[in-house]
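Below: the structure, in structure tokens.
Only a predicted model underlies this, so the values are computations on that prediction, with no experimental measurement involved.
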Amino acid sequence: MSVASWVVILWKVWLLPRARTDVARSVAAFWQSASLADARQRLSPFDREALVLPLIAATRAEASGTLAAAGDRAQQLTRVLRDALHVAVNKLQYGQVLLATVGSTAPFVGLLGTVWGIYHALTSIASAGQITIDRVAGPVGEALIMTAAGLAVAIPAVLAYNIFGRQIGRIEAELEGFARDLRELLANHDGVAG
């Protein structure tokens, strides 16, 4: 659990600041572009995590005669942008479930180890016939280390989950705002599609 958590934590420490910077740069470059075709070219170097470009690519008109092309342009854009936004957000949220699971289960795994260790300590004391502090302290102390180990795994996972969740929320809000603005632009001005 600890190794898996730390792999996800280190990966997200690298990914999320990069994604936040990329989204901000990509959105700025988009609005400075003359057309969608120009925007696609300008955004390529900025959107290294492919969070913004799929939103723009999704706005291409669907083939006529399909259910995807049914409805007016605003409805089509809402659907395709929502789907592209879900893909982008899923990329950002990858690993969050692992962190939440580790954070909530690791203390119980440590507690199980503690209970198991104390049980074995008590059975060995009972078979020895004598109860002295040195016979109790060593095995019980070793068993309590399991609780500390469980907490040592859980605490970083929970902290990382909360910090990353906040960062993902900010990036998601920026992507949602861009998708809404893009929808409004293209629903009202089909000639921009270039």
Side-chain angles (χ1 to χ4, degrees), residues 4-63 66-104 154-194:
S5 294
W6 280 105
V7 167
V8 169
I9 289 168
L10 293 175
W11 174 65
K12 284 193 168 275
V13 162
W14 174 80
L15 172 78
L16 292 177
R18 177 178 157 123
R20 186 176 58 243
T21 302
D22 287 358
V23 168
R25 287 179 180 172
S26 297
V27 169
F30 176 85
W31 292 115
Q32 294 172 2
S33 301
S35 67
L36 280 180
D38 181 41
R40 283 185 201 104
Q41 291 177 344
R42 291 183 73 177
L43 265 64
S44 292
F46 298 123
D47 195 21
R48 298 171 291 184
E49 299 304 322
L51 298 171
V52 177
L53 280 170
L55 294 173
I56 297 167
T59 62
R60 293 185 180 137
E62 299 289 340
T66 64
L67 288 176
D72 65 7
R73 182 71 173 139
Q75 291 171 329
Q76 293 171 20
L77 287 169
T78 298
R79 185 182 64 255
V80 297
L81 286 171
R82 179 189 59 232
D83 293 345
L85 188 60
H86 285 203
V87 170
V89 171
N90 284 340
K91 275 185 192 179
L92 294 172
Q93 290 181 344
Y94 186 81
Q96 289 292 98
V97 172
L98 173 77
L99 294 176
T101 302
V102 168
S104 62
I155 290 170
V158 169
L159 290 174
Y161 176 83
N162 290 329
I163 291 167
F164 296 152
R166 203 168 36 250
Q167 291 175 353
I168 291 167
R170 288 182 191 132
I171 297 168
E172 182 180 357
E174 192 164 347
L175 287 170
E176 285 176 356
F178 175 72
R180 186 184 60 243
D181 293 344
L182 182 60
R183 180 198 172 278
E184 294 299 316
L185 174 73
L186 297 178
N188 297 324
H189 300 93
D190 281 332
V192 180

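- Taking all atoms of both residues into account, the shortest heavy-atom contact from L98 to S5 is CD2-N, 4.2 Å.
- No donor-acceptor pair under 3.5 Å is formed between the side chain of K12 and the backbone N or O of A160.
- Under the side-chain contact (heavy atoms from CB on, under 4.5 Å) criterion, R42 pairs with Q32, S33, D38, not counting sequence neighbours.
- The side chain to side chain donor-acceptor pair (under 3.5 Å) search around R20 returns none, not counting sequence neighbours.
- P54 has its side chain out of reach of L85: every pair of non-hydrogen atoms, C-beta onward, lies at least 4.5 Å apart.
- Every residue meeting the side-chain contact (heavy atoms from CB on, under 4.5 Å) condition with I155, not counting sequence neighbours, appears here in chain and number order: L151, L159.
- Taking every heavy atom of both residues into account, A84 and A58 meet most closely at CB-CB, 3.9 Å.
- Residues passing the ring pair (Phe, Tyr, Trp, His ring centres under 6.0 Å) test with F30 are F178, sequence neighbours excluded.
- Remark: side-chain polar atoms of D47 are paired, donor with acceptor, to backbone N or O of V52 under 3.5 angstrom.
- For T101, there are no side chain to side chain donor-acceptor pair (under 3.5 Å) partners at least two apart in sequence or on another chain.
- Nearest approach of A157 to V102, heavy atoms of both residues: CB-CG1, 3.9 Å.
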With a 3.5 Å cut-off and sequence neighbours excluded, list the donor-acceptor pairs that the side chains of residues 162-171 form with protein atoms.
unit_1	atom_1	unit_2	atom_2	d
N162	ND2	V158	O	3.3

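- Distance CG/L16 to CD/E49: 9.5 Å, rounded to 0.5 Å.
- With sequence neighbours excluded, no residue forms a salt bridge (Lys or Arg N to Asp or Glu O under 4.0 Å) with E174.
- Of the inter-residue distances, the one linking Q76 atom CD with T59 atom OG1 reads 11.0 Å to the nearest 0.5 angstrom.
- Taking 4.5 Å as the limit, some side-chain heavy atom of L51 sits within range of a side-chain heavy atom of L92.
- For the salt bridge (charged side-chain N to carboxylate O under 4.0 Å, His left out) condition, no pair includes a residue of residues 82-103, sequence neighbours left out.
- Residues meeting the salt bridge (Lys or Arg N to Asp or Glu O under 4.0 Å) test with R48, sequence neighbours left out: D22.
- A heavy-atom distance below 4.5 Å is found between the side chains of W31 and L185.
- Residue W6 qualifies as open at atom CH2: its count of foreign heavy atoms under 6.0 Å is 12 or below.
- Here the CZ atom belonging to R183 is positioned 14.0 Å from the CG atom belonging to L55, to the nearest 0.5 angstrom.
- Taking all atoms of both residues into account, the shortest heavy-atom contact from L175 to A88 is CD1-CB, 4.1 Å.
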